[in-house]
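What follows is a short report on a single structure.
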Amino acid sequence: MAFEQPSAAVLTEGHATPRKASVTVIGAGAFGTAVGVSLARGGHAVTLCCRTEEQASAINAEGENRNYFPGHALPNTVSATSRLEPALSADVVCLAFPAKQMDDYVARFERDLPPDAIVINLVKGLHDQTFTFAGLFAQRLPGVRYVALKGPTFARPLFNAEWSGLTCGTSSESARQVVQDLFRGLPVDLDHCASAEAVDAVSAIKNVYAVVLGLVASMGLTENTTFLLISRIVKEISIILRRLGYDSSALLCHCGLGDTLLTGLCDTSRNRTLGFMMGKGIPIDPNRSGFLAEGSRAVTTLHRRAGGPDTPLLEAVQEILAGHAQPISILAILGGRA
Ligand SMILES: NC(=O)C1=CN([C@@H]2O[C@H](COP(=O)(O)OP(=O)(O)OC[C@H]3O[C@@H](n4cnc5c(N)ncnc54)[C@H](OP(=O)(O)O)[C@@H]3O)[C@@H](O)[C@H]2O)C=CC1
Ligand SMILES: O=C(CO)COP(=O)(O)O
(Lines give C-alpha, C1' and ligand atoms only; values in the text may rest on other atoms or scores of the structure.)
(Ligands and ions follow the chains in the order given, each with its own letter.)
Protein backbone atom coordinates (compact mmCIF):
# COMPACT_ATOMS: atom_id res chain seq x y z
CA MET A 1 0.00 0.00 0.00
CA ALA A 2 1.62 3.25 -1.07
CA PHE A 3 0.98 6.76 0.17
CA GLU A 4 2.73 10.05 0.03
CA GLN A 5 4.61 10.93 3.18
CA PRO A 6 3.75 14.48 4.29
CA SER A 7 6.76 16.78 4.43
CA ALA A 8 8.93 16.43 7.49
CA ALA A 9 8.82 18.65 10.58
CA VAL A 10 5.24 19.70 10.13
CA LEU A 11 4.01 20.08 13.68
CA THR A 12 6.59 22.46 15.00
CA GLU A 13 6.38 24.86 17.91
CA GLY A 14 4.52 28.04 17.08
CA HIS A 15 2.89 26.57 13.97
CA ALA A 16 -0.33 28.55 13.49
CA THR A 17 -2.42 25.93 11.68
CA PRO A 18 -1.48 22.32 12.42
CA ARG A 19 -0.84 20.28 9.31
CA LYS A 20 -0.87 16.53 8.95
CA ALA A 21 2.01 14.65 10.49
CA SER A 22 4.00 11.56 9.66
CA VAL A 23 3.79 9.15 12.56
CA THR A 24 5.80 6.00 13.17
CA VAL A 25 4.40 3.47 15.62
CA ILE A 26 6.96 0.93 16.79
CA GLY A 27 5.08 -2.24 17.65
CA ALA A 28 2.21 -3.40 15.43
CA GLY A 29 0.44 -5.26 18.21
CA ALA A 30 -3.00 -4.50 19.62
CA PHE A 31 -2.33 -1.08 21.07
CA GLY A 32 0.14 0.18 18.47
CA THR A 33 -2.31 -0.72 15.71
CA ALA A 34 -5.25 0.89 17.54
CA VAL A 35 -3.34 4.14 18.09
CA GLY A 36 -2.01 4.11 14.52
CA VAL A 37 -5.49 3.60 13.09
CA SER A 38 -6.91 6.39 15.28
CA LEU A 39 -4.24 8.81 14.10
CA ALA A 40 -4.74 7.77 10.47
CA ARG A 41 -8.44 8.56 10.86
CA GLY A 42 -7.32 12.02 11.96
CA GLY A 43 -5.61 12.38 8.58
CA HIS A 44 -2.04 11.57 9.62
CA ALA A 45 0.23 9.23 7.66
CA VAL A 46 1.08 6.28 9.86
CA THR A 47 3.85 3.72 9.51
CA LEU A 48 3.56 0.63 11.68
CA CYS A 49 6.98 -0.79 12.47
CA CYS A 50 6.63 -4.56 12.70
CA ARG A 51 8.94 -7.04 14.33
CA THR A 52 9.06 -9.21 11.22
CA GLU A 53 9.13 -8.52 7.49
CA GLU A 54 6.50 -11.23 7.13
CA GLN A 55 3.98 -9.24 9.20
CA ALA A 56 4.84 -5.95 7.44
CA SER A 57 4.36 -7.50 3.99
CA ALA A 58 1.09 -9.11 5.02
CA ILE A 59 -0.28 -5.80 6.36
CA ASN A 60 0.73 -3.97 3.17
CA ALA A 61 -0.65 -6.69 0.90
CA GLU A 62 -3.91 -7.32 2.74
CA GLY A 63 -4.67 -3.87 4.15
CA GLU A 64 -5.35 -5.38 7.55
CA ASN A 65 -3.41 -6.53 10.59
CA ARG A 66 -4.76 -10.03 10.70
CA ASN A 67 -2.70 -11.06 13.74
CA TYR A 68 -4.47 -8.51 15.92
CA PHE A 69 -7.60 -7.18 14.14
CA PRO A 70 -8.58 -9.84 11.62
CA GLY A 71 -11.30 -8.81 9.21
CA HIS A 72 -10.90 -5.08 9.82
CA ALA A 73 -9.56 -2.96 6.97
CA LEU A 74 -6.92 -0.42 7.93
CA PRO A 75 -7.20 3.15 6.59
CA ASN A 76 -5.13 3.47 3.41
CA THR A 77 -2.84 5.99 5.11
CA VAL A 78 -1.50 3.18 7.30
CA SER A 79 1.46 1.25 5.93
CA ALA A 80 3.88 -1.17 7.51
CA THR A 81 7.61 -1.74 7.50
CA SER A 82 10.13 -3.86 9.32
CA ARG A 83 12.92 -1.32 8.75
CA LEU A 84 13.23 0.83 11.83
CA GLU A 85 15.95 3.28 10.93
CA PRO A 86 14.24 5.13 8.03
CA ALA A 87 10.99 5.26 10.02
CA LEU A 88 12.69 7.17 12.83
CA SER A 89 12.72 10.41 10.84
CA ALA A 90 8.92 10.77 11.15
CA ASP A 91 7.51 13.86 12.87
CA VAL A 92 6.45 11.73 15.81
CA VAL A 93 7.60 8.29 16.98
CA CYS A 94 5.22 6.25 19.16
CA LEU A 95 6.41 3.29 21.24
CA ALA A 96 4.05 0.32 21.65
CA PHE A 97 6.13 -2.78 22.39
CA PRO A 98 6.70 -4.82 25.57
CA ALA A 99 8.47 -2.93 28.37
CA LYS A 100 11.27 -5.49 28.47
CA GLN A 101 12.35 -4.33 24.98
CA MET A 102 12.89 -0.70 26.01
CA ASP A 103 16.65 -0.92 26.61
CA ASP A 104 17.25 -2.44 23.17
CA TYR A 105 15.22 0.25 21.44
CA VAL A 106 16.85 3.08 23.42
CA ALA A 107 20.24 1.81 22.25
CA ARG A 108 19.00 2.01 18.65
CA PHE A 109 17.52 5.46 19.25
CA GLU A 110 20.90 6.71 20.52
CA ARG A 111 22.27 5.79 17.12
CA ASP A 112 19.44 6.61 14.74
CA LEU A 113 16.82 8.92 16.27
CA PRO A 114 17.08 12.66 15.52
CA PRO A 115 18.25 14.25 18.80
CA ASP A 116 15.21 16.55 19.14
CA ALA A 117 12.62 13.95 18.10
CA ILE A 118 9.19 13.79 19.68
CA VAL A 119 8.69 10.39 21.29
CA ILE A 120 5.26 9.35 22.54
CA ASN A 121 5.65 6.43 24.88
CA LEU A 122 2.61 4.18 25.18
CA VAL A 123 4.49 1.38 26.97
CA LYS A 124 3.42 0.71 30.57
CA GLY A 125 6.34 -0.64 32.54
CA LEU A 126 9.26 0.19 34.81
CA HIS A 127 13.00 0.31 34.31
CA ASP A 128 15.39 -1.42 36.69
CA GLN A 129 17.77 1.52 37.02
CA THR A 130 15.83 4.71 36.28
CA PHE A 131 12.45 3.38 37.47
CA THR A 132 10.48 5.37 34.86
CA PHE A 133 11.04 5.44 31.12
CA ALA A 134 10.84 9.24 31.33
CA GLY A 135 13.93 9.05 33.57
CA LEU A 136 15.63 6.71 31.11
CA PHE A 137 15.07 9.08 28.19
CA ALA A 138 16.20 12.09 30.26
CA GLN A 139 19.43 10.24 31.01
CA ARG A 140 20.18 8.65 27.65
CA LEU A 141 18.43 10.91 25.10
CA PRO A 142 18.22 14.30 26.83
CA GLY A 143 17.29 16.28 23.68
CA VAL A 144 14.27 14.15 22.91
CA ARG A 145 10.88 15.67 23.68
CA TYR A 146 9.32 12.84 25.64
CA VAL A 147 5.61 12.31 26.17
CA ALA A 148 4.12 9.59 28.37
CA LEU A 149 0.70 8.99 26.80
CA LYS A 150 -1.29 6.64 29.00
CA GLY A 151 -4.90 6.12 29.84
CA PRO A 152 -7.78 3.81 30.53
CA THR A 153 -7.66 2.61 26.95
CA PHE A 154 -8.10 -0.96 25.87
CA ALA A 155 -6.98 -1.38 22.27
CA ARG A 156 -10.22 -2.68 20.77
CA PRO A 157 -12.56 0.14 21.82
CA LEU A 158 -9.94 2.65 20.66
CA PHE A 159 -9.72 0.81 17.33
CA ASN A 160 -13.54 0.96 17.16
CA ALA A 161 -13.44 4.75 17.65
CA GLU A 162 -15.23 4.66 21.00
CA TRP A 163 -14.60 7.68 23.22
CA SER A 164 -11.45 7.12 25.26
CA GLY A 165 -9.30 9.16 27.66
CA LEU A 166 -5.54 9.59 27.60
CA THR A 167 -3.17 11.60 29.79
CA CYS A 168 -0.47 13.53 28.00
CA GLY A 169 2.44 13.54 30.45
CA THR A 170 5.16 15.91 29.34
CA SER A 171 7.11 18.91 30.50
CA SER A 172 7.61 20.03 26.89
CA GLU A 173 5.06 22.64 25.85
CA SER A 174 5.83 22.08 22.16
CA ALA A 175 5.36 18.32 22.46
CA ARG A 176 2.09 18.86 24.32
CA GLN A 177 0.88 21.06 21.46
CA VAL A 178 1.85 18.40 18.94
CA VAL A 179 -0.09 15.73 20.82
CA GLN A 180 -3.15 17.99 20.97
CA ASP A 181 -2.88 18.60 17.21
CA LEU A 182 -2.45 14.89 16.51
CA PHE A 183 -5.66 13.95 18.32
CA ARG A 184 -7.73 16.97 17.24
CA GLY A 185 -11.14 15.86 15.96
CA LEU A 186 -10.71 12.29 17.23
CA PRO A 187 -12.86 10.69 19.97
CA VAL A 188 -10.07 10.97 22.53
CA ASP A 189 -10.27 13.17 25.62
CA LEU A 190 -6.76 14.31 26.51
CA ASP A 191 -5.86 15.61 29.93
CA HIS A 192 -2.41 16.84 30.89
CA CYS A 193 0.19 16.28 33.59
CA ALA A 194 3.47 18.19 33.51
CA SER A 195 5.30 15.23 35.05
CA ALA A 196 5.97 12.51 32.48
CA GLU A 197 7.63 10.55 35.28
CA ALA A 198 4.45 10.55 37.38
CA VAL A 199 2.36 9.42 34.40
CA ASP A 200 4.82 6.64 33.58
CA ALA A 201 4.95 5.57 37.22
CA VAL A 202 1.22 5.47 37.89
CA SER A 203 0.46 3.64 34.63
CA ALA A 204 2.91 0.88 35.52
CA ILE A 205 1.88 0.70 39.18
CA LYS A 206 -1.81 0.25 38.33
CA ASN A 207 -0.95 -2.93 36.39
CA VAL A 208 0.44 -4.50 39.57
CA TYR A 209 -2.73 -3.64 41.47
CA ALA A 210 -4.87 -5.00 38.62
CA VAL A 211 -3.24 -8.36 39.36
CA VAL A 212 -4.29 -7.91 43.02
CA LEU A 213 -7.89 -7.21 41.98
CA GLY A 214 -7.87 -10.25 39.70
CA LEU A 215 -6.61 -12.44 42.53
CA VAL A 216 -9.31 -11.25 44.88
CA ALA A 217 -12.04 -11.47 42.20
CA SER A 218 -11.17 -15.13 41.72
CA MET A 219 -12.10 -15.72 45.35
CA GLY A 220 -15.64 -14.51 44.76
CA LEU A 221 -15.66 -11.54 47.12
CA THR A 222 -18.63 -9.20 47.43
CA GLU A 223 -18.96 -5.60 46.27
CA ASN A 224 -18.09 -4.25 49.73
CA THR A 225 -14.87 -6.19 49.89
CA THR A 226 -13.93 -5.30 46.33
CA PHE A 227 -14.38 -1.60 47.01
CA LEU A 228 -12.60 -1.85 50.35
CA LEU A 229 -9.74 -3.24 48.34
CA ILE A 230 -9.97 -0.44 45.77
CA SER A 231 -9.91 2.13 48.56
CA ARG A 232 -6.77 0.54 49.98
CA ILE A 233 -5.19 0.28 46.54
CA VAL A 234 -5.67 4.00 45.95
CA LYS A 235 -4.04 4.70 49.34
CA GLU A 236 -1.09 2.43 48.52
CA ILE A 237 -0.57 4.03 45.11
CA SER A 238 -0.55 7.51 46.63
CA ILE A 239 1.88 6.37 49.36
CA ILE A 240 4.18 5.00 46.65
CA LEU A 241 4.00 8.14 44.51
CA ARG A 242 4.76 10.33 47.54
CA ARG A 243 7.61 8.07 48.67
CA LEU A 244 9.24 8.25 45.24
CA GLY A 245 8.70 12.00 45.03
CA TYR A 246 6.29 11.98 42.07
CA ASP A 247 3.42 14.38 41.58
CA SER A 248 0.52 12.42 43.10
CA SER A 249 -2.01 14.55 41.22
CA ALA A 250 -1.35 12.15 38.32
CA LEU A 251 -3.64 9.79 40.21
CA LEU A 252 -6.52 12.13 39.39
CA CYS A 253 -5.71 12.15 35.67
CA HIS A 254 -7.11 9.61 33.20
CA CYS A 255 -3.92 7.53 33.58
CA GLY A 256 -4.46 7.24 37.35
CA LEU A 257 -7.73 6.26 38.95
CA GLY A 258 -9.44 5.78 35.56
CA ASP A 259 -6.90 3.23 34.39
CA THR A 260 -6.61 1.57 37.81
CA LEU A 261 -10.36 0.89 37.72
CA LEU A 262 -10.49 -0.10 34.03
CA THR A 263 -7.65 -2.56 34.33
CA GLY A 264 -8.53 -3.77 37.81
CA LEU A 265 -12.26 -4.34 37.22
CA CYS A 266 -12.63 -5.34 33.55
CA ASP A 267 -12.16 -8.94 32.50
CA THR A 268 -10.54 -7.85 29.23
CA SER A 269 -7.44 -6.79 31.17
CA ARG A 270 -4.49 -9.14 30.86
CA ASN A 271 -3.16 -8.09 34.26
CA ARG A 272 -6.45 -8.75 36.01
CA THR A 273 -6.76 -12.03 34.10
CA LEU A 274 -3.31 -13.06 35.29
CA GLY A 275 -4.35 -12.53 38.92
CA PHE A 276 -7.69 -14.24 38.37
CA MET A 277 -6.15 -17.34 36.82
CA MET A 278 -3.48 -17.57 39.51
CA GLY A 279 -6.21 -17.26 42.12
CA LYS A 280 -8.10 -20.12 40.49
CA GLY A 281 -4.95 -22.21 40.42
CA ILE A 282 -4.88 -22.28 36.61
CA PRO A 283 -1.28 -22.33 35.40
CA ILE A 284 -0.48 -19.30 33.26
CA ASP A 285 2.80 -18.04 31.88
CA PRO A 286 2.78 -14.25 32.03
CA ASN A 287 5.55 -14.17 29.44
CA ARG A 288 3.83 -16.30 26.86
CA SER A 289 3.45 -14.72 23.46
CA GLY A 290 0.14 -12.92 22.95
CA PHE A 291 -0.48 -12.35 26.65
CA LEU A 292 1.44 -9.30 27.74
CA ALA A 293 0.72 -8.78 31.45
CA GLU A 294 3.23 -6.03 32.23
CA GLY A 295 2.43 -6.03 35.97
CA SER A 296 4.14 -9.40 36.42
CA ARG A 297 7.44 -7.83 35.46
CA ALA A 298 7.00 -4.37 37.00
CA VAL A 299 6.22 -5.79 40.43
CA THR A 300 9.84 -6.65 41.22
CA THR A 301 11.17 -3.17 40.47
CA LEU A 302 8.22 -1.53 42.21
CA HIS A 303 8.60 -3.65 45.31
CA ARG A 304 12.35 -3.04 45.51
CA ARG A 305 12.03 0.72 45.12
CA ALA A 306 8.83 1.49 46.96
CA GLY A 307 7.69 -1.46 49.05
CA GLY A 308 7.32 -1.13 52.81
CA PRO A 309 5.13 -1.99 55.79
CA ASP A 310 2.60 0.62 54.63
CA THR A 311 2.12 -1.14 51.24
CA PRO A 312 1.01 -4.63 52.36
CA LEU A 313 -0.87 -5.40 49.13
CA LEU A 314 2.30 -4.79 47.15
CA GLU A 315 4.23 -7.03 49.53
CA ALA A 316 1.64 -9.78 49.14
CA VAL A 317 1.37 -9.69 45.36
CA GLN A 318 5.16 -9.66 44.99
CA GLU A 319 5.38 -12.83 47.11
CA ILE A 320 2.55 -14.50 45.19
CA LEU A 321 3.93 -13.65 41.74
CA ALA A 322 7.38 -14.84 42.83
CA GLY A 323 5.84 -18.16 43.86
CA HIS A 324 6.74 -17.66 47.51
CA ALA A 325 3.16 -17.44 48.78
CA GLN A 326 -0.21 -18.91 47.92
CA PRO A 327 -2.79 -16.65 46.19
CA ILE A 328 -5.14 -17.06 49.17
CA SER A 329 -2.63 -15.18 51.32
CA ILE A 330 -3.85 -11.91 49.76
CA LEU A 331 -7.00 -12.24 51.89
CA ALA A 332 -5.04 -11.96 55.11
CA ILE A 333 -4.13 -8.41 54.11
CA LEU A 334 -7.72 -7.24 53.79
CA GLY A 335 -8.37 -7.18 57.52
CA GLY A 336 -5.26 -5.12 58.28
CA ARG A 337 -5.09 -1.35 58.68
CA ALA A 338 -3.02 0.93 56.48
N1 LIG B 1 -0.88 3.75 26.74
C2 LIG B 1 -1.97 3.00 26.93
O3 LIG B 1 -3.04 3.52 27.27
C4 LIG B 1 -1.88 1.50 26.74
C5 LIG B 1 -0.63 0.94 26.73
N6 LIG B 1 -0.50 -0.38 26.57
C7 LIG B 1 0.88 -0.85 26.63
O8 LIG B 1 1.42 -0.93 25.32
C9 LIG B 1 2.42 -1.96 25.27
C10 LIG B 1 2.08 -2.91 24.12
O11 LIG B 1 0.84 -3.52 24.46
P12 LIG B 1 -0.06 -4.27 23.38
O13 LIG B 1 0.03 -3.64 22.05
O14 LIG B 1 -1.39 -4.41 24.00
O15 LIG B 1 0.67 -5.70 23.34
P16 LIG B 1 0.62 -6.78 22.18
O17 LIG B 1 1.10 -8.04 22.78
O18 LIG B 1 -0.69 -6.75 21.50
O19 LIG B 1 1.71 -6.25 21.10
C20 LIG B 1 3.06 -6.21 21.41
C21 LIG B 1 3.83 -5.72 20.22
O22 LIG B 1 5.22 -5.76 20.53
C23 LIG B 1 5.89 -6.69 19.64
N24 LIG B 1 6.88 -7.48 20.34
C25 LIG B 1 6.69 -8.56 21.12
N26 LIG B 1 7.86 -9.04 21.56
C27 LIG B 1 8.80 -8.27 21.00
C28 LIG B 1 10.20 -8.29 21.02
N29 LIG B 1 10.85 -9.21 21.71
N30 LIG B 1 10.86 -7.33 20.34
C31 LIG B 1 10.20 -6.39 19.64
N32 LIG B 1 8.87 -6.34 19.56
C33 LIG B 1 8.18 -7.27 20.23
C34 LIG B 1 4.80 -7.60 19.11
O35 LIG B 1 5.25 -8.16 17.89
P36 LIG B 1 4.66 -9.58 17.38
O37 LIG B 1 3.24 -9.31 16.96
O38 LIG B 1 5.58 -9.91 16.24
O39 LIG B 1 4.75 -10.53 18.53
C40 LIG B 1 3.67 -6.58 18.98
O41 LIG B 1 3.87 -5.77 17.84
C42 LIG B 1 2.41 -2.61 26.67
O43 LIG B 1 3.39 -2.00 27.45
C44 LIG B 1 1.04 -2.24 27.21
O45 LIG B 1 1.00 -2.21 28.62
C46 LIG B 1 -1.56 -1.18 26.34
C47 LIG B 1 -2.84 -0.66 26.32
C48 LIG B 1 -3.09 0.72 26.59
O1 LIG C 1 -3.35 -0.76 30.07
C2 LIG C 1 -4.37 -1.21 29.59
C3 LIG C 1 -5.60 -0.44 29.46
O4 LIG C 1 -5.43 0.88 29.82
C5 LIG C 1 -4.39 -2.60 29.15
O6 LIG C 1 -4.50 -3.40 30.27
P7 LIG C 1 -3.90 -4.88 30.27
O8 LIG C 1 -2.48 -4.72 29.82
O9 LIG C 1 -4.06 -5.36 31.68
O10 LIG C 1 -4.71 -5.66 29.29
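We count ligands from 1, going down the list as the structure has it; atoms in each ligand are counted the same way.
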Checklist entry - Among protein heavy atoms, which lies nearest atom 1 (O) of ligand 2, and at what distance? => result Lys124 NZ, 2.7 Å
Item to check | Note, Phe69 side chain near Val37 side chain (heavy atom, < 4.5 Å) | outcome: no
Item to check | Nearest neighbour in protein (non-hydrogen) for atom 8 (O) of ligand 2 | outcome: Arg270 NH2, 3.0 Å
Item to check | Sub-4.0 Å heavy-atom contact, Phe291 with ligand 1 | outcome: no
Next on the checklist: With nothing but distance in play, are any N or O atoms of Glu294 less than 3.5 Å from an N or O of ligand 1?
Outcome noted: yes
Checklist entry - Does any non-hydrogen side-chain atom of Phe154 lie less than 4.5 Å from one of Ser269? => result yes
Next on the checklist: Within the 4.0 Å heavy-atom shell around Asp259, which atoms of ligand 2 are there?
Outcome noted: 3 (C), 4 (O)
Checklist entry - In terms of hydrophobic clustering (I, L, V, M, F, W, Y; side-chain heavy atoms under 4.5 Å; direct or indirect links), are Leu113 and Phe97 co-clustered? => result yes
Checklist entry - So, do Phe291 and Thr273 sit near enough that their side-chain heavy atoms are less than 4.5 Å apart? => result yes
Checklist entry - Does any non-hydrogen side-chain atom of Leu313 lie less than 4.5 Å from one of Leu229? => result yes
Next on the checklist: Check this for me - ligand 1, Ala99, N or O atoms closer than 3.5 angstrom, yes or no?
Outcome noted: no
Checklist entry - Got Arg272 and Asp267 here, is their nearest side-chain heavy-atom distance under 4.5 Å? => result yes
Next on the checklist: Just to verify, which of Val178, Asp181, Leu39 counts as forming a side chain to side chain contact (heavy atoms under 4.5 Å, CB included) with Val92?
Outcome noted: Val178
Checklist entry - So, Thr222 versus Asn224: side-chain donor-acceptor pair below 3.5 Å or not? => result no
Checklist outcome for this item: Quick look: His254 vs ligand 2, heavy-atom contacts under 4.0 Å, and the answer is neither
Next on the checklist: Heavy atoms only, cut-off 4.0 Å: how does Thr273 contact ligand 2, side chain, backbone, both, or neither?
Outcome noted: neither
Checklist entry - With backbone taken as N, CA, C and O and side chain as the heavy atoms from C-beta onward, which portion of Ala30 lies under 4.0 Å from ligand 1: side chain, backbone, both, or neither? => result both
Item to check | ligand 1 contact on Tyr68 by region, counting heavy-atom pairs under 4.0 Å | outcome: side chain
Item to check | Residues Asn65 and Thr33: side-chain donor-acceptor under 3.5 angstrom | outcome: yes
Item to check | Interfacing atoms of ligand 2 (cut-off 4.0 Å, heavy-atom, Leu262) | outcome: 3 (C), 4 (O)
Checklist entry - Does any N/O atom on Lys100 come nearer than 3.5 Å to any N/O atom on ligand 1? => result no
Next on the checklist: Within the structure provided, determine whether Thr301 and Arg304 are in side-chain contact (heavy-atom separation under 4.5 Å).
Outcome noted: yes
Checklist entry - Is any N or O atom of Thr153, backbone or side chain, closer than 3.5 Å to an N or O atom of ligand 1? => result yes
Item to check | Gly151 N/O to ligand 2 N/O under 3.5 Å | outcome: yes
Checklist entry - Are any of the N/O atoms in Asn271 less than 3.5 Å from those in ligand 2? => result yes
Item to check | Mode of Leu292 contact toward ligand 1 - side chain, backbone, both, neither (heavy atoms, under 4.0 Å) | outcome: side chain
Item to check | Interfacing atoms of ligand 2 (cut-off 4.0 Å, heavy-atom, Ser269) | outcome: 7 (P), 9 (O), 10 (O)
Checklist entry - Relative to ligand 1, is His254 under 4.0 angstrom through side chain, backbone, both or neither, heavy atoms considered? => result neither
Item to check | Test of proximity, Thr263 against ligand 2: N or O pairs below 3.5 Å | outcome: no
Checklist entry - Among Leu122, Val25, Thr33, which residue places a heavy atom closest to atom 8 (O) of ligand 1? => result Leu122
